[in-house]
> 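Let me begin by handing over the structure; questions about it come next.
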Amino acid sequence: QVALVESGGGLAQAGGSLRLSCAASGRTFRSCTMGWFRQAPGKEREFVAAISWSGNRIYYAYADSVKGRFAISRDNAENTMNLQMNSLKPEDTAVYYCAARELFTATPRESGYDYWGQGTQVTVSS
């Protein structure tokens with residue numbers, strides 16, 4: 001079984017930055033996609049970003065709404081994935097979820113991911 005634990009959420013002002021982390025435990029993936037989704041109050045959960053790796057191949061995917069502002073990365077040694085969020089906007093306010101699947105191909109569909117974290121709250125004030 002795989003466990004994902006998010007950290008780093010909190011409160012930021014518009015234009016500010018936050019860094020989210022997702023720690024994975026339970027198994028080491030040879031090929032994997034890890035992603036971030038978010039759910040704002042009253043809205044459906046939506047795709048934010050994903051990183052896929054297999055051997056030396058790495059692939060990145062971003063939602064249009066965060067391109068140029070957010071950057072996803074991973075730390076092999078720590079078995080963690082990070083989301084650096086810059087130029088934050090009030091509309092970025094949501095609960096952010098980490099997700100993972102044991103396939104190299106990234107997908108924006110929730111149903112494509114097998115493992116989920118509990119979520120971490122991000123609030124951006126105007």
Side-chain angles (χ1 to χ4, degrees):
Q1 190 59 280
V2 175
L4 302 176
V5 179
E6 302 96 337
S7 62
L11 177 65
Q13 291 188 334
S17 300
L18 284 173
R19 184 179 177 87
L20 304 183
S21 292
C22 175
S25 63
R27 191 158 75 241
T28 299
F29 299 133
R30 292 186 178 273
S31 297
C32 179
T33 294
M34 293 185 74
W36 290 96
F37 288 74
R38 66 186 182 186
Q39 187 167 21
K43 295 187 176 181
E44 294 185 349
R45 192 150 56 180
E46 64 176 5
F47 172 77
V48 176
I51 181 170
S52 302
W53 68 89
S54 179
N56 292 326
R57 296 184 297 164
I58 300 178
Y59 174 79
Y60 303 89
Y62 294 94
D64 288 341
S65 60
V66 305
K67 279 182 182 177
R69 300 189 299 122
F70 291 10
I72 192 169
S73 63
R74 71 181 184 118
D75 185 327
N76 282 354
E78 299 293 331
N79 212 24
T80 60
M81 174 187 63
N82 303 300
L83 184 69
Q84 178 66 41
M85 304 186 295
N86 300 323
S87 302
L88 284 164
K89 304 176 181 180
E91 51 263 43
D92 293 320
T93 295
V95 177
Y96 283 70
Y97 297 90
C98 172
R101 66 194 298 231
E102 292 186 77
L103 291 172
F104 176 71
T105 306
T107 175
R109 294 182 296 110
E110 284 186 65
S111 60
Y113 292 82
D114 303 306
Y115 308 103
W116 290 85
Q118 293 299 308
T120 184
Q121 177 70 46
V122 170
T123 303
V124 183
S125 61
S126 58

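In what follows, every heavy atom counts, from backbone to side chain, and hydrogens, waters and symmetry copies are set aside.
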> Looking at every non-hydrogen atom in both residues, tell me the closest pair between Ala61 and Phe47 and how far apart they are.
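That would be O-CZ, 3.9 Å.
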
> State whether the number of non-hydrogen atoms from other residues, nucleotides or ligands found under 6.0 Å of Gln13 atom CD is greater than 12.
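Count not over threshold, so no.
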
> Identify the two heavy atoms, one from Ala40 and one from Ala94, that lie closest to each other, and give their separation to 0.1 Å.
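Closest approach of Ala40 to Ala94: N-CB, 3.7 Å.
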
> Is it the case that the side chain of Thr123 and the backbone of Thr93 share a donor-acceptor pair, with hydrogens and angles ignored and the cut-off at 3.5 Å?
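Side chain of Thr123 to backbone of Thr93: no pair is present.
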
> Please report the closest heavy-atom contact between Asn82 and Ser21, naming both atoms and the distance.
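The pair with the smallest heavy-atom distance is OD1-OG, 2.7 Å.
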
> Using modelled atom types and a 3.5 Å cut-off, is there a donor and acceptor pairing between side-chain atoms of Thr33 and backbone atoms of Arg101?
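Not at all, since once roles are kept as given, no pair shorter than 3.5 Å links the two residues.
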
> Ignoring hydrogens and geometry, is there a side-chain-to-backbone donor-acceptor pair from Ser31 to Ser54 under 3.5 Å?
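No, the answer is negative, given that no donor and acceptor are paired below the 3.5 Å cut-off.
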
> How long is the span from the CD1 atom in Ile58 to the OG atom in Ser52, to the nearest 0.5 Å?
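If I round to the nearest 0.5 Å, the distance is 10.0 Å.
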
> Kindly work out whether a path of hydrophobic side-chain contacts (I/L/V/M/F/W/Y, heavy atoms less than 4.5 Å apart) joins Ile51 to Val5.
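In one cluster with Ile51: Val5, no.
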
> Is it true that a side-chain atom of Glu6 and a backbone atom of Gln118 form a donor plus acceptor pair closer than 3.5 Å?
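Pair found, side chain donor or acceptor close to backbone of Gln118.
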
> Drop me the distance from Tyr60's OH to Arg74's CZ, to the nearest 0.5 angstrom.
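The OH atom of Tyr60 sits 8.0 Å away from the CZ atom of Arg74.
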
> State, to 0.1 Å, how close Met81 and Cys98 come at their nearest heavy-atom pair, and which atoms those are.
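In terms of heavy atoms, the two residues are closest at CE-SG, 3.6 Å.
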
> Counting N and O atoms only, with roles assigned by atom type, does the side chain of Tyr62 sit under 3.5 Å from a partner on the main chain of Ile72, one being a donor and the other an acceptor?
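Yes, the answer is positive, given that a donor and an acceptor are paired below the 3.5 Å cut-off.
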
> Taking all heavy atoms of Ser126 and all of Ala14, pick out the closest pair and write down the distance.
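Taking every non-hydrogen atom into account, CA-CB, 4.2 Å.
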
> Take Met34 and Tyr115 through the side chain to side chain contact (heavy atoms under 4.5 Å, CB included) test and state the conclusion after the steps.
CA-CA 9 Å; Met34 293 185 74; Tyr115 308 103; over 6 Å; no

> Could you check whether any side-chain N or O of Gln84 sits under 3.5 Å from a backbone N or O of Arg19, counting only pairs where one atom can act as donor and the other as acceptor?
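A pair under 3.5 Å: no.
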
> Determine whether Val2 and Phe104 fall in the same hydrophobic cluster, where Ile, Leu, Val, Met, Phe, Trp and Tyr are linked whenever their side-chain heavy atoms lie under 4.5 Å apart.
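Val2 and Phe104: separate clusters.
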
> Kindly indicate, with the supporting measurements, whether the criterion side chain to side chain contact (heavy atoms under 4.5 Å, CB included) is fulfilled by Gln121 and Leu11.
CA-CA 8 Å; Gln121 177 70 46; Leu11 177 65; over 6 Å; no

> Are any side-chain N or O atoms of Asp75 and backbone N or O atoms of Thr80, one a donor and one an acceptor, separated by less than 3.5 Å?
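Side chain of Asp75 to backbone of Thr80: no pair is present.
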
> Return yes if a side-chain donor-acceptor contact under 3.5 Å exists between Arg38 and Tyr96, otherwise no.
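Yes, side-chain donor-acceptor contact under 3.5 Å.
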
> As a quick check of understanding, evaluate side chain to side chain contact (heavy atoms under 4.5 Å, CB included) for Tyr97 and Leu4, giving each step before the final call.
CA-CA 9 Å; Tyr97 297 90; Leu4 302 176; over 6 Å; no

> Salt bridge check, Lys89 against Asp92: does any charged N sit closer than 4.0 Å to a carboxylate O?
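A salt bridge is absent here (no side-chain N lies under 4.0 Å from a carboxylate O).
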
> Which heavy-atom pair separates Gly8 from Leu18 by the least distance, and what is that distance?
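So the minimum-distance heavy-atom pair works out to O-CD2, 4.2 Å.
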
> Leu88 and Phe37: same hydrophobic cluster, using ILVMFWY side-chain contacts below 4.5 Å?
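No, Leu88 does not connect to Phe37 through the hydrophobic network.
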
